[in-house]
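First the structure, in the form of structure tokens, and then the observations on it.
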Amino acid sequence: MSGTDVETKRRSRKKPTTPKAAQGPEEANSEILLEKAIADVPRCKTVLVNGPKGGLGKTTLVRNLAVAAARSGLRVALADLDPQQTLLKWWSRRPEGLAEVALWAAEPSDSRELLDIISRQSFDVLIIDTPPGLEKYPEDVQRLIEASDLLLIPCGPSSDESESVVPWMEFVGRFGKPSAFVLTRVDRRSSTVREVKLELNAVGRLCPIEIPQSEDIKRASKIGIGVQEIAKAFGAAEIEGVWAFVRNELGLRQE
């Protein structure tokens with residue numbers, strides 16, 4: 001249920017069909033309890049993982065954050081808006097018996113209907129994967145940003161990627177939504193990492209945890225799992241760290 005639905009119902013309770021003076025104590029208490037129950041309905045938190053080009057690591061970030069959230073006990077939904085449907089293919093390979101993650105796939109132009117459908121479900125968090133060339137869908141981009149609680153923009157440690165995502169962060173920043181860069185595929189021995197971090201930090205927040213270049217992360221994607229679901233996997237701790245950052249940004253309690 002969306003926040004708008006909750007607010008509409010709360011307002012409707014302020015106009016009872018019978019005067020309050022005519023209500024007995026039981027009816028009045030029921031009224032208060034119902035209103036409190038409606039107000040306490042949690043709204044699904046939405047994370048939009050976005051960027052202006054392909055190859056930034058959006059899908060890798062989405063699926064691993066989804067697994068981290070699901071393993072923490074949250075009800076997780078994914079939305080794959082990329083026509084290549086890489087996220088959907090990963091999800092279709094996911095073995096049974098692991099932490100559950102639901103998924104919807106759609107075109108960016110269908111985002112309004114998709115958001116409406118998911119808002120009617122009882123999920124705690126929705127993570128949206130977006131296609132490259134997102135600027136080709138200006139109305140849909142605006143709708144998705146406005147519907148989101150947190151915008152994540154992944155970036156690898158290269159000047160080509162930072163030159164692309166810096167103006168994108170400046171664009172999405174106009175909407176006033178909480179946002180952050182997430183550095184991915186980081187080789188800490190590389191001198192470029194420091195330069196890229198300085199560039200990104202000059203225009204937006206930077207998630208304090210970096211995701212390393214990891215063969216385990218690549219291997220996990222091939223078999224439909226998250227890197228945390230591989231014993232002693234390299235990169236699993238960093239994914240958990242990024243999820244902790246996201247969880248705190250969304251105000252979600254640790255289960």
Side-chain angles (χ1 to χ4, degrees), residues 1-13 33-50 58-59 61-131 134 137 139-152 177-178 224-226 228-229 239 242-243 246-255:
M1 181 178 290
S2 69
T4 304
D5 291 334
V6 173
E7 290 302 315
T8 300
K9 288 193 175 185
R10 289 179 67 189
R11 284 196 297 270
S12 71
R13 303 305 302 175
L33 290 172
L34 178 58
E35 196 162 306
K36 184 179 185 302
I38 293 170
D40 289 343
V41 172
R43 185 178 68 84
C44 179
K45 301 289 187 177
T46 300
V47 180
L48 183 67
V49 180
N50 64 109
K58 295 190 293 290
T59 303
L61 181 59
V62 167
R63 60 193 173 212
N64 283 286
L65 286 180
V67 169
R71 282 164 59 90
S72 75
L74 297 177
R75 296 161 296 183
V76 181
L78 294 176
D80 186 357
L81 301 184
D82 189 344
Q84 297 178 29
Q85 297 189 334
T86 305
L87 186 62
L88 174 61
K89 292 170 186 173
W90 167 84
W91 181 82
S92 68
R93 295 191 294 269
R94 189 157 174 77
E96 293 184 8
L98 298 180
E100 281 192 33
V101 176
L103 182 142
W104 280 261
E107 296 288 331
S109 56
D110 296 324
S111 58
R112 184 193 300 276
E113 291 78 7
L114 183 64
L115 290 170
D116 182 61
I117 290 170
I118 296 176
S119 73
R120 298 172 187 273
Q121 315 295 317
S122 56
F123 291 107
D124 298 305
V125 62
L126 164 65
I127 308 176
I128 303 175
D129 189 18
T130 54
L134 195 57
Y137 311 91
E139 292 182 6
D140 302 298
V141 168
Q142 181 172 343
R143 181 182 305 113
L144 289 167
I145 291 174
E146 290 176 347
S148 299
D149 299 285
L150 177 65
L151 313 178
L152 294 180
K177 291 285 186 173
I225 64 175
Q228 314 92 302
E229 294 169 314
I239 289 291
V242 175
W243 165 244
V246 170
R247 186 189 67 232
N248 290 332
E249 288 290 309
L250 298 176
L252 294 169
R253 296 190 305 271
Q254 177 69 47
E255 295 293 325

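All residue numbers in this chain count up from 1 along the given sequence. No hydrogens, no waters, no symmetry mates; every other heavy atom, side chains included, goes into these values.
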Task: For Leu115 against Ala147, the heavy-atom pair lying closest together - done: CD1-CB, 3.9 Å

- [ ] Carefully, step by step, assess Gln121 and Trp104 under the rule side chain to side chain contact (heavy atoms under 4.5 Å, CB included).
- [x] CA-CA 12 Å; Gln121 315 295 317; Trp104 280 261; 4.2 Å; yes

Task: Atom pair CD/CZ of Glu100 and Arg75 - distance to nearest 0.5 Å - done: 12.0 Å

TODO: Report the C-alpha distance between Leu103 and Leu88 in whole Å, list the side-chain angles of each, state the deciding distance to 0.1 Å, and finish with yes or no for side chain to side chain contact (heavy atoms under 4.5 Å, CB included).
DONE: CA-CA 7 Å; Leu103 182 142; Leu88 174 61; 3.4 Å; yes

Open item on the list: Are the side chains of Tyr137 and Ser111 in contact, using a 4.5 Å heavy-atom criterion?
Closed with: no

Open item on the list: Run the side chain to side chain contact (heavy atoms under 4.5 Å, CB included) test on Leu65 and Val125 for me, step by step, so that the C-alpha distance in whole Å, both residues' side-chain angles and the decisive distance to 0.1 Å come before the verdict.
Closed with: CA-CA 11 Å; Leu65 286 180; Val125 62; over 6 Å; no

Task: Asp129 CG to Thr59 OG1 distance, which is reported to the nearest 0.5 Å - done: 3.5 Å

- [ ] Verify the neighbour count for atom CD of Glu113: are there more than 12 heavy atoms of other residues, nucleotides or ligands below 6.0 Å?
- [x] yes

Open item on the list: Rounded to the nearest 0.5 Å, what separates atom CG in Leu134 from atom CG in Leu48?
Closed with: 7.0 Å

Open item on the list: To the nearest 0.5 Å, what is the distance between CZ on Arg247 and CG on Leu74?
Closed with: 8.5 Å

Task: Least distance between heavy atoms, Val101 atom then Trp91 atom - done: O-NE1, 2.7 Å

Task: Euclidean distance, Thr46 OG1 relative to Phe123 CZ, rounded to 0.5 Å - done: 11.5 Å

TODO: Could you tell me which non-hydrogen atom of Arg94 sits nearest to which non-hydrogen atom of Gly226, and how far apart they are?
DONE: NH1-N, 4.0 Å

Open item on the list: Could you work out, with side chain to side chain contact (heavy atoms under 4.5 Å, CB included) as the rule, every residue matching Arg93, not counting sequence neighbours?
Closed with: Lys89, Trp90

Open item on the list: Using the rule given for side chain to side chain contact (heavy atoms under 4.5 Å, CB included), can you reason through Leu250 versus Val47, listing the C-alpha separation, both sets of side-chain angles and the distance that settles it, and then say yes or no?
Closed with: CA-CA 9 Å; Leu250 298 176; Val47 180; 3.7 Å; yes

TODO: Mind listing the closest non-hydrogen atom pair of Leu126 and Cys44 along with its distance?
DONE: N-SG, 3.5 Å

Task: Asp116/Arg112 salt bridge by N-O under 4.0 Å criterion - done: no

- [ ] Indicate the atoms forming the closest heavy-atom contact of Ile225 with Pro95, along with that distance.
- [x] CG2-CD, 3.7 Å

Task: Side-chain donor/acceptor of Lys177 to backbone N/O of Glu146, under 3.5 Å - done: yes

Open item on the list: Please give me the minimum heavy-atom distance between Asp82 and Asp80, naming the atom from each residue.
Closed with: N-OD1, 3.1 Å

- [ ] State which residues pass side-chain hydrogen bond (donor to acceptor under 3.5 Å, both in side chains) with Gln85; sequence neighbours excluded, sorted by chain then number.
- [x] none

Task: Spacing of Ile145 atom CD1 and Asp140 atom CG [to the nearest 0.5 Å] - done: 11.0 Å

Task: Among Leu151, Leu81, Leu114, side chain to side chain contact (heavy atoms under 4.5 Å, CB included) partner for Leu144 - done: Leu81

TODO: State whether the number of non-hydrogen atoms from other residues, nucleotides or ligands found under 6.0 Å of Gln84 atom CD is greater than 12.
DONE: no

